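These figures come from a predicted structure and were not determined experimentally. Every chain is numbered from 1 and lettered A, B, ... according to where its sequence line falls, protein lines coming before strand lines.
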Amino acid sequence: MKFKSIKGTKDILPDESHLWQSVEQHIRSVMETYNYKEIRTSVFEETSLFARSIGELTDIVGKEMYSFIDRSGDSLTLKPEMTAAVIRSYIQHNLGKKQPLTKVYYLSPAFRQERPQAGRLRQFHQFGAEAIGGSNPEIDAEIISLSAAIYKKFGITEFEVRINSVGCQKCREEYKFILKSFLSAIANKLSTESQRKIDTNPMRVLDSKDENDKQLTIGAPLIKDYLCDECRIHFEKLQSLLQIAGVDYVVDGRIVRGLDYYTKTAYEIISNELGSQDALTGGGRYDLLVSELGGKPTPSVGFAAGMERLIMILKKRNKLNVTAPHPKLFIAAMDDKSRNRVFQEIFKLRNQGISCETDLLNRSLKAQMREADRQQADYVIVIGENEINSNRVSMKAMRTGIQQEISLDELPNYLTGN
RNA sequence: GUGACCAUAGUUCAGUUGGUUAGAACGCCAGGUUGUGGCCCUGGAGGUCGAGGGUUCGAGUCCCUCUGGUCACCCCA
């Protein structure tokens with residue numbers, strides 16, 4: 001085979017595309033219930049936008065971005081996540097001037113050059129939302145509730161919302177200092193991975209998957225015990241609001257998100273049905289990002305979720321009772337002489353918005369019937385000399401096999417009446 | 001980037017210690033007499049056995065390299 005899809009990319013084939021459409025439609029409907037409006041940004045941006053927002057030292061920026069130099073010498077990057085692009089757009093178009101709080105959602109492909117595995121692709125699809133312009137914990141609660149509501153909309157209830165506060169610049173620095181000294185004391189017993197992180201990103205040591213590391217860090221200081229008053233009050237208020245909103249959650253003091261820009265609230269939605277990549281959703285508050293990217297200081301919250309991971313669960317749980325679109329009517333031609341008349345009827349019906357199909361390959365009547373069955377057409381009529389002369393056709397309901405004779409002129413009414 | 005396992009029709013898979021024309025199921029196509037699908041029956045098409053090297057009289061089967069897939073690590077959606 002000469003050409004193949006790029007490693008880590010997947011074609012969504014005609015058999016499956018309607019399933020994606022249906023999932024997307026459900027997501028949109030929940031987003032709109034919460035009064036978020038869609039934003040679409042281009043798939044690529046200036047490389048420096050992501051470097052600045054996500055953080056130079058993160059894995060995403062350090063080794064996973066699809067970056068390239070275009071013909072004018074600019075460095076561009078296929079977006080590895082959506083928030084940076086949304087914020088860039090928010091600032092560029094002065095959306096904050098039109099209203100104090102901007103609520104947007106998106107559905108978009110994203111790109112990261114990682115080794116593919118279950119629930120991880122190089123081109124993947126995210127949906128998510130951002131509420132830009134407010135610092136109230138009510139907004140954090142709304143974002144978390146919204147993301148959980150989407151899974152509930154699909155009948156998925158087996159997931160866990162884990163929340164944490166990662167503090168602000170002030171209290172996080174103090175905490176990191178304390179944490180580092182705790183970790184340094186046990187450094188020689190930690191895994192080499194974790195040892196490396198003590199200086200660069202000590203909070204990540206706490207969510208190491210290494211069993212030994214887990215044991216060693218059981219008594220480690222957690223940031224929730226070192227929050228400043230403002231962050232602590234915000235976190236407590238968020239929890240009471242989640243209770244009011246009816247969102248079940250657990251506090252997990254070890255959550256650290258992989259993107260540098262989070263402040264205060266950080267949260268994840270985890271499923272135990274996904275394999276190793278178990279995060280359905282990740283999100284949190286990023287009060288410093290807008291100003292970091294050149295806008296006015298604008299506190300914001302958001303989340304991003306993986307489409308493929310959602311669909312994995314839906315498939316596993318058999319929650320995808322979506323029916324593929326199928327033609328209402330199939331018109332078979334008795335013989336070649338009748339084909340022009342068949343086409344005439346087909347186009348007439350299609351012009352009236354009725355989905356119908358006919359044989360385009362000059363096949364036998366039997367083959368045409370088989371095709372109609374395969375296409376799951378609701379009805380079939382056969383047009384031949386008799387029908388052309390009498391202007392009457394036998395309408396066969398394929399599910400029941402019952403035939404009913406009607407006039408050709410009644411066809412549109414008959415079909416739309418059903 | 002690291003590791004493990006895998007790669008045979010459109011799909012899911014068989015393929016004996018290396019030995020003639022590489023099989024099955026499903027799917028696809030055509031028939032089973034007069035103008036009607038599904039079930040059933042019969043027949044047919046379809047494979048450079050992932051690619052390239054090597055060992056051998058002989059390789060789908062053994063060895064090497066590459067590519068791709070799957071899963072895990074890392075990290076994340």
Side-chain angles (χ1 to χ4, degrees), chain A residues 1-10 13 15 54 57-64 79-83 106-128 147 150 191-194 196-197 201 204 207-210 255-259 267-271 274-283 302-313 330-335 338 359 361 363-387 393-403:
Chain A
M1 205 176 304
K2 180 110 198 242
F3 293 110
K4 282 180 297 193
S5 60
I6 304 299
K7 184 193 191 87
T9 69
K10 272 210 163 66
L13 300 175
D15 272 353
I54 298 168
L57 296 177
T58 59
D59 281 12
I60 294 177
V61 173
K63 53 188 192 189
E64 296 174 359
K79 57 190 175 191
E81 59 105 33
M82 286 294 297
T83 302
Y106 56 79
L107 231 38
S108 164
F111 307 84
R112 302 211 298 230
Q113 187 167 1
E114 298 182 89
R115 191 80 154 245
Q117 70 183 75
R120 174 194 287 165
L121 291 171
R122 289 183 170 188
Q123 172 171 348
F124 58 105
H125 301 263
Q126 288 190 327
F127 60 91
S147 55
I150 288 172
S191 65
T192 49
E193 275 298 334
S194 291
R196 220 184 50 220
K197 288 180 202 155
N201 201 336
R204 291 257 192 97
D207 66 358
S208 166
K209 284 186 185 173
D210 186 285
I255 290 175
V256 187
R257 308 261 63 244
L259 292 70
Y267 84 102
E268 297 175 344
I269 296 181
I270 304 295
S271 163
L274 285 177
S276 173
Q277 305 306 316
D278 59 358
L280 282 170
T281 292
F303 79 89
M307 278 286 276
E308 282 83 359
R309 292 181 187 180
L310 201 208
I311 288 175
M312 274 171 79
I313 292 190
F330 189 99
I331 306 184
M334 189 54 229
D335 48 46
S338 313
D359 172 49
L361 300 172
R363 283 177 285 187
S364 68
L365 184 61
K366 178 174 183 150
Q368 292 182 68
M369 289 302 293
R370 229 186 351 245
E371 185 63 26
D373 185 48
R374 177 173 28 224
Q375 297 289 339
Q376 297 186 68
D378 295 330
Y379 299 96
V380 172
I381 62 174
V382 179
I383 292 184
E385 238 177 302
N386 298 345
E387 287 76 9
V393 293
S394 247
M395 185 89 164
K396 179 166 186 173
M398 292 295 272
R399 285 197 59 182
T400 59
I402 295 169
Q403 304 209 41

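Checked against rU70(B), rG31(B), rC74(B), the side chain of P116(A) finds its nearest nucleotide in rU70(B). Here rC75(B) is the nucleotide among rC73(B), rC75(B), rA77(B) with the atom lying nearest to any side-chain atom of K197(A). Candidate nucleotides rC73(B), rA77(B), rC74(B) were compared by shortest atom distance to the side chain of F124(A), and rA77(B) ranks first. Distances from the side chain of R370(A) to the nucleotides rA77(B), rC73(B), rG37(B) place rG37(B) closest. Here the side chain of A304(A) is nearest to one of rC74(B), rA77(B), rU36(B), namely rA77(B). Side-chain atoms of S276(A) lie closest to rC73(B) of the nucleotides rU70(B), rC73(B), rC76(B). Nearest nucleotide to the side chain of R112(A), out of rU2(B), rC76(B), rC75(B): rC76(B). Of the candidate nucleotides rG69(B), rC74(B), rG31(B), rG31(B) has the atom lying nearest to any side-chain atom of K366(A). Residue R115(A) places its side chain closer to rA72(B) than to any other of rG37(B), rA30(B), rA72(B). Of all nucleotides listed (rC74(B), rG68(B), rC75(B)), rC75(B) comes nearest to the side chain of R204(A).
rG37(B) atom P lies 8 Å from atom CG of L365(A), rounded to whole Å. In this structure, the CD1 atom of I381(A) is 16 Å from the C1' atom of rG37(B), given to the nearest Å. Taking atom NZ of K4(A) as the reference point, atom P of rA51(B) lies 10 Å away to the nearest angstrom. Atom pair M312(A):CE and rC71(B):C1' shows a separation of 11 Å (rounding to whole Å applied). Between the P atom of rC76(B) and the CZ atom of F127(A) lies a distance of 19 Å, rounded to the nearest Å. Atom P of nucleotide rC76(B) and atom CD of E81(A) are separated by 12 Å, given to the nearest angstrom. Atom CZ of F111(A) and atom P of rC76(B) are 20 Å apart (whole Å). Distance CD (E308(A)) to P (rA77(B)): 13 Å, rounded to an integer number of Å.
Judged by Watson-Crick or G-U wobble contacts below 3.5 Å, the nucleotide rC62(B) has rG54(B) as its partner. Figure legend. rC40(B) is base-paired to rG32(B); pairs are counted as Watson-Crick or G-U wobble with both atom distances under 3.5 Å. rC26(B) is paired with rG10(B) under the criterion used here, namely a Watson-Crick or G-U wobble arrangement in which both key atom distances are under 3.5 Å. Pair assignment for rC49(B): none, as no Watson-Crick or G-U wobble contacts are both less than 3.5 Å. Across every strand in view, rU20(B) sits unpaired, with no contact that passes the Watson-Crick or G-U test at under 3.5 angstrom.
The residue E268(A) sits apart from the nucleic acid: no heavy atom pair falls under 4.0 Å. Residue-level contact check: Q403(A) touches the bases, meaning some heavy atom is under 4.0 Å from a base atom. Counting non-hydrogen atoms under 4.0 angstrom, L274(A) reaches nothing in the nucleic acid. Residue contacts for A118(A): at a heavy-atom cut-off of 4.0 Å it reaches the sugar-phosphate backbone alone, with no base atom in range. As judged by a 4.0 angstrom heavy-atom cut-off over every strand, G283(A) is placed among residues making no nucleic acid contact. A110(A) comes within 4.0 angstrom of nothing in the nucleic acid, heavy atoms only. Counting any heavy atom pair closer than 4.0 Å across all strands shown, G384(A) reaches no nucleic acid atom. Nucleic acid contact class of L310(A) (heavy atoms, under 4.0 Å, all strands): none.
For R309(A) and rC76(B), the shortest distance from a side-chain N or O to OP1 or OP2 is not below 4.0 Å. At rG38(B), none of the side-chain N or O atoms of K396(A) fall inside 4.0 Å of OP1 or OP2 (strictly under the cut-off). Between Q117(A) and the phosphate of rC71(B), there is no side-chain N or O to OP1/OP2 separation shorter than 4.0 Å. A close approach under 4.0 Å does occur between a side-chain nitrogen or oxygen of K7(A) and OP1 or OP2 of rG68(B). R374(A) has a side-chain polar atom (N or O) that falls below the 4.0 Å cut-off from OP1 or OP2 of rC29(B).
Comparing R363(A) and A279(A) against RNA chain B, the residue whose closest nucleotide sits nearer the 5' end is R363(A). Of the two residues near RNA chain B, G401(A) and T281(A), the one whose nearest nucleotide lies more 5' is G401(A).
Of the P atoms belonging to rU8(B) and rG3(B), the separation is 24 Å, rounded to the nearest Å. The gap from the C1' atom of rG50(B) to that of rC6(B) amounts to 12 Å, rounded to the nearest Å.
The minimum heavy-atom distance linking M369(A) with V380(A) is given by the pair SD-CG1, 3.8 Å. Here the shortest heavy-atom pairing between S147(A) and Y267(A) reads OG-OH, 2.8 Å. Taking each heavy atom of S338(A) and E385(A) in turn, the nearest pair found is OG-N, 4.1 Å. Of all non-hydrogen atoms in P116(A) and R122(A), the two that sit nearest each other are CD-NE, 4.2 Å. The minimum heavy-atom distance linking A118(A) with L274(A) is given by the pair CB-O, 4.4 Å.
In this structure, the side chains of L107(A) and H125(A) stay at 4.5 Å or more apart for every pair of heavy atoms.
Taking a 6.0 Å sphere around CG of L361(A), one finds it holds more than 12 heavy atoms contributed by other residues, nucleotides or ligands. Atom CD1 of I6(A) sits in a sparse spot, with 12 or fewer heavy atoms from other residues, nucleotides or ligands closer than 6.0 Å.
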